[in-house]
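Just below is one structure, and these are the notes that go with it.
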Amino acid sequence: MKEFAYARAGDAAEAAALMAERPDATYIGGGTNLVDLMKLGVTGPGLLIDVSRLPYDRIEHRADGSALIGATVRNGALAGDPGIRERFPLLSQALLAGASGQLRTVATVGGNLLQRTRCGYFQDVTKPCNKREPGSGCPAIEGAHRDLAVLGTSDHCVASHPSDMAVALVALDAVAHLRSVDGGTRTVPVAELYVLPGDTPHRETVLDRGDLITAVELPPPPPAARMRYRKVRDRWSYAFALVSVATAVSVAEDGSLDDVRIALGGVAPRPWRARIAEERLRGARPGEKALREAARAELAGARPLPDNAFKVDLATDLIVAGVRDLVARKDRA
């Protein structure tokens with residue numbers, strides 16, 4: 001591991017000042033992903049700015065049903081929060097599916113959103129990788145790609161986004177609150193936080209250098225919404241998704257879908273909001289045929305590789321099952 005300096009920021013202004021002084025600085029929260037990448041030699045910041053003790057460690061539940069989640073809230077605390085479990089159960093389910101209990105007690109909300117891909121070529125510095133070294137190539141296309149993306153890929157990168165939490169947040173229309181190094185603030189929908197690889201796979205988000213995630217805001221859930229996070233993985237405990245689906249539906253009195261939200265994980269370089277399927281299903285009666293046609297329309301643009309083509313059918317089946325099972329349920333959570 002490359003030698004580095006460490007500083008603990010007392011407030012956001014101090015963190016920004018430290019960042020502005022050092023072009024080789026980076027923020028660290030729980031460090032559950034960053035430290036691993038430093039050990040592997042994938043990244044080598046000269047200064048780690050610890051933001052884990054900034055005053056962003058609260059979950060605020062509002063009277064209108066919305067919630068504001070501080071960026072330094074630990075994943076375990078968020079998963080177990082009674083208000084989150086009651087009003088946003090798929091977020092709690094995604095967090096519990098995403099890591100071991102030990103990691104959840106350390107990892108932060110902001111850090112979870114910014115974790116890097118687990119593609120083996122990205123993590124192996126002896127191999128080329130366009131994300132790590134632009135222009136060096138993407139050996140995953142001809143190599144080991146079973147776990148990688150089928151949607152939103154390019155000839156330069158087929159890596160998949162690893163976060164379960166982010167998939168749930170995208171389905172819930174969550175918004176990230178950002179603070180820039182000059183003290184300015186802005187908000188970005190989590191669905192728009194990530195950038196598809198195109199010919200610049202090394203650029204993964206819309207964040208500018210030194211931008212700090214301070215909170216994530218959840219709007220009130222749809223009225224009478226039923227929701228669930230479902231994840232398919234190679235083993236039950238502590239594995240990244242082959243395909244996951246976050247689904248939230250509201251059913252009208254006549255049995256049609258008054259509202260439907262679907263996000264997929266494990267299939268794209270970012271959490272994938274299934275807007276084509278949503279549009280087809282909104283206002284429709286969710287019979288098997290309608291569900292399958294909507295899911296197939298969503299996956300029509302997939303570019304699978306030989307060893308991950310199964311993800312297209314798997315994602316289709318998960319969308320169908322996710323909506324169908326929620327419609328059949330009488331309870332909300």
Side-chain angles (χ1 to χ4, degrees), residues 90-91 93-94 97-98 112-113 115-122 130-131 138 140-141 143-172 174 189-198 201 204-205 227-235 239-248 260-281 291-324:
L90 73 83
L91 176 55
Q93 292 161 8
N112 187 304
L113 288 175
Q115 63 182 300
R116 309 290 299 277
T117 178
R118 262 58 178 192
C119 174
Y121 297 102
F122 171 74
N130 285 325
K131 189 180 288 291
C138 179
I141 293 174
H145 53 249
R146 174 181 176 270
D147 297 339
L148 303 183
V150 298
L151 289 167
T153 60
S154 75
D155 293 338
H156 300 273
C157 184
V158 294
S160 53
H161 194 271
S163 173
D164 292 283
M165 184 192 76
V167 178
L169 291 177
V170 165
L172 293 169
V190 174
E192 299 173 16
L193 183 66
Y194 305 99
V195 179
L196 291 179
E204 299 174 344
T205 73
M227 58 183 73
R228 183 180 179 186
Y229 186 77
R230 179 175 291 183
K231 178 178 179 178
V232 175
R233 46 192 161 175
D234 283 328
R235 62 181 186 273
F240 296 101
L242 291 173
V243 180
S244 65
V245 61
T247 315
V260 55
R261 302 180 188 181
I262 304 166
L264 295 169
V267 297
R270 66 184 183 193
W272 189 267
R273 184 69 180 263
R275 297 195 185 277
I276 295 173
E278 290 177 357
E279 182 63 26
R280 286 184 172 235
L281 291 173
L291 289 172
R292 196 155 294 276
E293 287 178 350
R296 285 174 177 162
E298 186 64 49
L299 276 296
R303 301 175 63 208
L305 295 166
D307 294 337
N308 67 6
F310 72 94
K311 286 193 175 190
V312 175
D313 287 338
L314 180 55
T316 299
D317 290 344
L318 280 179
I319 291 174
V320 172
V323 177
R324 181 191 61 212

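Treat the numbers as computed from the prediction; the structure is a model and nothing was measured.
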Which distance, rounded to the nearest 0.5 Å, do you find between the [atom1] of [X] and the [atom2] of [Y]?
{"X": "Asp164", "Y": "Arg233", "atom1": "CG", "atom2": "CZ", "value": "7.5 Å"}
{"X": "Arg296", "Y": "Ile319", "atom1": "CZ", "atom2": "CD1", "value": "11.5 Å"}
{"X": "Leu113", "Y": "Leu169", "atom1": "CG", "atom2": "CG", "value": "6.0 Å"}

Looking only at atom types and distance, does a side-chain atom of [X] sit under 3.5 Å from a main-chain N or O of [Y], one as donor and one as acceptor?
{"X": "Thr117", "Y": "Ser160", "answer": "yes"}
{"X": "Arg324", "Y": "Leu291", "answer": "no"}
{"X": "His145", "Y": "Ala140", "answer": "yes"}
{"X": "Asp307", "Y": "Ala144", "answer": "no"}
{"X": "Gln93", "Y": "Arg230", "answer": "no"}
{"X": "Lys131", "Y": "Cys138", "answer": "no"}
{"X": "Asn308", "Y": "Leu148", "answer": "yes"}

Where is the tightest heavy-atom contact between [X] and [Y], given as atom of each residue plus distance?
{"X": "Lys231", "Y": "Ala241", "value": "CE-N, 3.5 Å"}
{"X": "Tyr229", "Y": "Ala97", "value": "CE2-CB, 4.3 Å"}
{"X": "Gly152", "Y": "Leu196", "value": "O-CD2, 3.7 Å"}

Which pairs count as salt bridge (charged side-chain N to carboxylate O under 4.0 Å, His left out) when at least one residue sits in residues 144-153, sequence neighbours excluded? Arg146-Asp234
What residues, two or more places apart in sequence or in another chain, satisfy side-chain contact (heavy atoms from CB on, under 4.5 Å) together with Val232? Leu314, Leu318
Anything under 3.5 Å between a donor and an acceptor, one on a side chain of residues 297-306, the other on a protein residue two or more places apart or in another chain? List them.
{"from": "Glu298", "atom 1": "OE1", "to": "Arg275", "atom 2": "N", "distance (Å)": "3.4"}
{"from": "Glu298", "atom 1": "OE1", "to": "Ile276", "atom 2": "N", "distance (Å)": "2.9"}
{"from": "Glu298", "atom 1": "OE1", "to": "Ala277", "atom 2": "N", "distance (Å)": "2.9"}
{"from": "Glu298", "atom 1": "OE2", "to": "Trp272", "atom 2": "NE1", "distance (Å)": "2.9"}
{"from": "Arg303", "atom 1": "NH1", "to": "Thr153", "atom 2": "O", "distance (Å)": "3.2"}
{"from": "Arg303", "atom 1": "NH2", "to": "Asp155", "atom 2": "OD1", "distance (Å)": "3.0"}

Charged N to carboxylate O below 4.0 Å: is that the case for Glu204 and Arg116? yes
Are the side chains of Pro269 and Tyr194 in contact, using a 4.5 Å heavy-atom criterion? no
Among Arg270, Arg261, Met165, Arg273, side chain to side chain contact (heavy atoms under 4.5 Å, CB included) partner for Val170: Arg273
